There are 2 protein chains.
Amino acid sequence: MALDERKLKILQAIITDYIATAEPVGSRTIAKKYDLGISSATIRNEMSDLEEMGFIIQPHASSGRIPSDLGYRLYVDKILRRQKLGDEDKKIVNTMINRNVNQIQYLMDETARLISKMTNYTAIFSEPVVKNTKINKIRFMSLNDTDLMIILAAEGNVIRNKIVSVNYMPDEDTLYKLSTVVTDLMHGIIIENIGQDIVDKLYSELNGYDEIASLIMSFIDELSKSSGMGKLHFSGTNNILAFPEFSDVEKAKSLFKTLEKTDSLTNLLSDNKGGDLQIYIGNETGIEEMKDCSIVTTTYEFGDNITGTIGILGPTRMDYSQVVSVLSSMVENIEGVLNNLEDKKKDDS
Amino acid sequence: MALDERKLKILQAIITDYIATAEPVGSRTIAKKYDLGISSATIRNEMSDLEEMGFIIQPHASSGRIPSDLGYRLYVDKILRRQKLGDEDKKIVNTMINRNVNQIQYLMDETARLISKMTNYTAIFSEPVVKNTKINKIRFMSLNDTDLMIILAAEGNVIRNKIVSVNYMPDEDTLYKLSTVVTDLMHGIIIENIGQDIVDKLYSELNGYDEIASLIMSFIDELSKSSGMGKLHFSGTNNILAFPEFSDVEKAKSLFKTLEKTDSLTNLLSDNKGGDLQIYIGNETGIEEMKDCSIVTTTYEFGDNITGTIGILGPTRMDYSQVVSVLSSMVENIEGVLNNLEDKKKDDS
DNA sequence: GTTAGCACTCACCTTAACCGAGTGCTAATT
DNA sequence: AATTAGCACTCGGTTAAGGTGAGTGCTAAC
């Protein structure tokens with residue numbers, strides 16, 4: 001059985017309608033609302049074929065059809081056309097994105113909030129993975145007799161800090177000198193790539209300050225061990241409650257729980273190894289509780305390193321064309337901002 | 001009509017039962033489950049009195065009774081006896097609270113998570129209000145040609161930082177010197193109390209670096225303007241979905257929305273001006289969407305200044321005795337840890 | 001190949017009957 | 001005078017039956 005033009009059109013109609021209404025779509029509805037020039041009976045026959053081919057499903061023996069995961073997949077792969085964001089939306093994005101964005105963290109937060117607002121789905125992003133980025137500077141700051149704060153600035157203004165306890169606290173000037181020494185040693189090196197040679201140099205250059213050297217190293221170890229992907233942040237999780245798919249509290253609860261234990265989600269997100277945007281439909285997510293959800297992910301990068309993933313979570317019947325266009329223009333925007341940061345840095349060095 | 005011993009006992013039975021079951025309580029249930037030595041008929045008469053007095057309510061003309069806000073209020077004021085946390089719980093608290101708590105932020109996060117886990121309600125805390133605290137140190141750190149990070153450490157290891165853009169970036173050594181000058185000038189001063197005299201001194205001592213002086217001042221302004229109360233953080237909001245009170249998704253959604261716009265909640269929390277723990281029952285919260293909720297709040301403090309509020313949000317039928325004991329021992333613990341930090345600082349100066 | 005027509009299915013809604021937990025009242029008991 | 005037993009009554013919630021309508025599959029005509 002061939003998947004001809006007409007069948008595709010009918011499938012598209014079913015998906016479009018189902019995205020809008022979340023109700024099974026019947027043959028008469030299609031005949032009336034979509035001007036295909038064929039009668040409901042013909043559509044019924046075609047639908048019967050589409051069902052046999054696995055693209056649509058009949059939830060109850062005599063109800064309309066809903067798209068199957070496979071149907072969405074076909075739609076996304078063959079039918080979906082990426083459309084650019086409208087001018088008005090673009091304006092909103094630009095004004096929102098250009099405030100208070102010196103630090104990537106804020107930029108991403110803001111972006112996620114914006115995405116969830118524009119789409120009414122849930123936005124997910126992973127913190128920039130710091131271990132792949134180059135160290136810019138390291139500074140020390142004594143807080144009192146025993147507490148020392150180590151501040152690490154990586155490329156792109158990614159800041160990490162840690163407060164540690166020390167037995168012996170050098171005076172301020174010494175700390176400053178130590179920090180310039182450490183910075184000279186480590187500037188430009190990717191955190192993950194710090195090897196034994198650097199460690200050795202560190203200990204010899206920080207001669208007499210072994211304690212501090214070892215604290216630096218354990219901080220850096222901590223950063224480079226950090227699980228391949230940064231912590232996940234969510235925005236607009238409450239939108240989930242608005243989906244009819246989750247009008248049953250139990251289902252919503254179980255999804256929320258799944259979002260809380262982020263590990264499986266982290267795996268999913270880290271699947272996207274840079275490059276294009278990726279779509280997981282229903283069971284393709286590999287997460288039982290998300291069989292009625294889809295996730296669209298993409299990565300954002302700056303400098304030479306992939307830094308993080310950003311995605312949108314919604315019901316399988318999400319408006320893929322909107323989601324795809326919002327997500328891709330968002331990333332374009334973020335990367336624009338980030339590359340500005342980068343450029344500034346290059347001028348610097 | 002007098003509120004005698006027996007009526008109190010019946011009220012307590014109703015509340016206890018309702019807390020456990022979330023179902024209206026009938027006279028026979030009480031007669032059977034609670035050994036009051038009187039028949040259901042007598043209990044019925046007494047319940048009729050209690051209803052007249054406003055302590056209980058009959059949701060439907062012929063169902064059992066549920067406690068009214070007033071009833072809970074009486075219970076909380078007269079009957080509730082504060083019990084100490086059990087030994088086992090105490091152990092959990094201690095082990096959890098003693099890791100990774102150098103920075104108040106983490107300590108509070110951890111505490112909130114713990115509270116929501118122990119009670120199955122939602123924990124809320126406000127960030128330490130930085131504007132009432134004394135400045136410890138200020139440091140600068142250049143990130144590149146144009147981006148400068150200002151780091152402010154206040155007492156109790158409260159850290160705030162901001163990245164700003166500058167037109168002219170002094171070299172590292174100069175920045176360091178400037179930061180010691182600024183620190184000398186501002187150390188020990190409460191952020192909010194920085195007046196014109198200090199501003200004048202700042203500009204004169206930072207002669208030639210007006211841009212940096214003004215950036216510092218706008219950062220400090222920002223901190224001291226921050227709305228009387230720090231940002232709110234939540235933990236265990238998903239627990240709300242488990243309350244039968246919110247098995248209707250619409251209700252849950254509206255409560256979540258209310259939690260999102262934090263302003264009214266912030267007001268409520270800031271009501272507690274230090275001292276003892278406060279309980280808001282149902283409409284006492286003054287928030288329409290929370291008429292079926294209660295909030296128990298308390299403040300944590302260290303040094304000489306009140307720093308933040310922490311609270312528990314649950315249905316009006318929450319287990320007040322558990323909540324009260326968990327909350328008060330938590331605060332005891334936090335303050336223990338915080339005062340250790342303080343002591344260290346005192347040794348320092 | 002397409003369409004009109006028709007019998008059939010089945011989720012969903014409405015209505016009615018029923019059940020049971022609970023009450024209020026009255027009369028008997030202590 | 002207080003307590004209790006007994007009883008009629010109320011009313012939310014559950015179940016069962018019937019009706020409705022959107023939708024289907026199939027057949028026969030175009």
Side-chain angles (χ1 to χ4, degrees), chain A residues 1-11 13-15 17-18 20-68 71 244-245 247-248, chain B residues 1-11 13-15 17-18 20-68 71 244-245 247-248:
Chain A
M1 199 175 335
L3 190 62
D4 55 20
E5 185 70 14
R6 197 168 68 180
K7 284 197 176 58
L8 269 181
K9 270 193 181 146
I10 291 174
L11 179 60
I14 293 173
I15 292 181
D17 213 72
Y18 188 66
T21 63
E23 297 287 340
V25 189
S27 55
R28 268 197 81 207
T29 313
I30 295 180
K32 272 190 290 182
K33 287 217 299 207
Y34 302 84
D35 208 15
L36 301 182
I38 46 178
S39 78
S40 66
T42 312
I43 295 175
R44 265 204 294 288
N45 291 333
E46 295 286 44
M47 279 165 85
S48 175
D49 290 352
L50 282 169
E51 181 165 16
E52 204 177 319
M53 292 157 91
F55 296 119
I56 53 180
I57 292 173
Q58 215 172 1
H60 313 289
S62 79
S63 71
R65 309 301 215 287
I66 63 174
S68 67
E245 282 83 349
S247 62
D248 178 12
Chain B
M1 201 176 332
L3 191 64
D4 55 19
E5 184 70 12
R6 196 169 69 182
K7 283 196 175 61
L8 269 181
K9 270 191 180 147
I10 291 174
L11 179 60
I14 293 173
I15 293 181
D17 212 72
Y18 188 66
T21 63
E23 297 287 341
V25 189
S27 54
R28 269 197 80 207
T29 313
I30 296 180
K32 272 190 290 182
K33 285 217 302 205
Y34 301 84
D35 206 16
L36 301 182
I38 46 180
S39 78
S40 67
T42 312
I43 294 174
R44 267 203 296 286
N45 292 331
E46 296 284 46
M47 279 166 85
S48 175
D49 291 351
L50 282 169
E51 181 166 17
E52 205 177 316
M53 293 157 89
F55 295 119
I56 54 180
I57 291 174
Q58 212 170 3
H60 313 292
S62 79
S63 71
R65 311 300 217 286
I66 64 173
S68 67
E245 283 82 350
S247 61
D248 178 13

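Letters A, B, ... are given to chains in the order of the sequence lines, protein chains preceding strands, and every chain is numbered from 1. Just so it is clear, the model here is predicted, and its values are computed rather than measured. The figures that follow rest on heavy atoms only: side chains count, while hydrogens, waters and symmetry mates do not.
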- line: Comparing H60(B) with R44(B), nearest DNA chain D nucleotide closer to 5' gives the residue R44(B)

Is the phosphate of [N] approached by [X] (side-chain N or O, under 4.0 Å from OP1 or OP2)?
X	N	answer
T42(A)	dT3(C)	yes
T29(A)	dG23(D)	yes
S27(B)	dT23(C)	yes

Length of the line joining [X]:[atom1] and [N]:[atom2], which is rounded to integer Å:
X	N	atom1	atom2	value
I10(B)	dG22(C)	CD1	P	15 Å
Q58(A)	dG25(D)	CD	C1'	10 Å
M47(B)	dA21(C)	CE	C1'	12 Å
L50(A)	dG25(D)	CG	C1'	16 Å
E46(B)	dT23(C)	CD	P	13 Å
N45(A)	dC26(D)	CG	C1'	9 Å
I38(B)	dA2(D)	CD1	C1'	12 Å
I14(B)	dG22(C)	CD1	C1'	13 Å

If you take atom types as modelled and just measure distance, does the side chain of [X] reach the base of [N] with a donor-acceptor pair under 3.5 Å?
X	N	result
S39(B)	dT4(D)	no
S62(A)	dT9(C)	yes
R28(B)	dG22(C)	no
R65(A)	dG25(D)	no

query: So what does A41(B) hit on the nucleic acid, given a heavy-atom distance under 4.0 Å: a base, only sugar-phosphate, or nothing?
result: base

- request: Counting heavy atoms from C-beta on, name the nucleotide in dT24(D), dT23(C), dC11(D) closest to the side chain of A61(B).
  value: dC11(D)

message: Checking contacts here: which listed nucleotide (dT4(D), dT3(D), dT24(D)) is nearest the side-chain heavy atoms of R6(B)?
response: dT3(D)

- request: Let me know which of I66(A), I10(A), I30(A) forms a side-chain contact (heavy atoms from CB on, under 4.5 Å) with V25(A).
  value: I30(A)

Test side-chain contact (heavy atoms from CB on, under 4.5 Å) applied to R65(A) and L50(A), I57(A), I56(A), the passing residue: I56(A)

message: The test is side-chain contact (heavy atoms from CB on, under 4.5 Å); show your working for F55(B) and I14(B) and say whether it passes.
response: CA-CA 10 Å; F55(B) 295 119; I14(B) 293 173; over 6 Å; no

query: Where is the tightest heavy-atom contact between G71(B) and I15(B), given as atom of each residue plus distance?
result: O-CD1, 3.7 Å

query: Is atom CG of D4(A) surrounded by more than 12 heavy atoms (other residues, nucleotides or ligands) closer than 6.0 Å?
result: yes

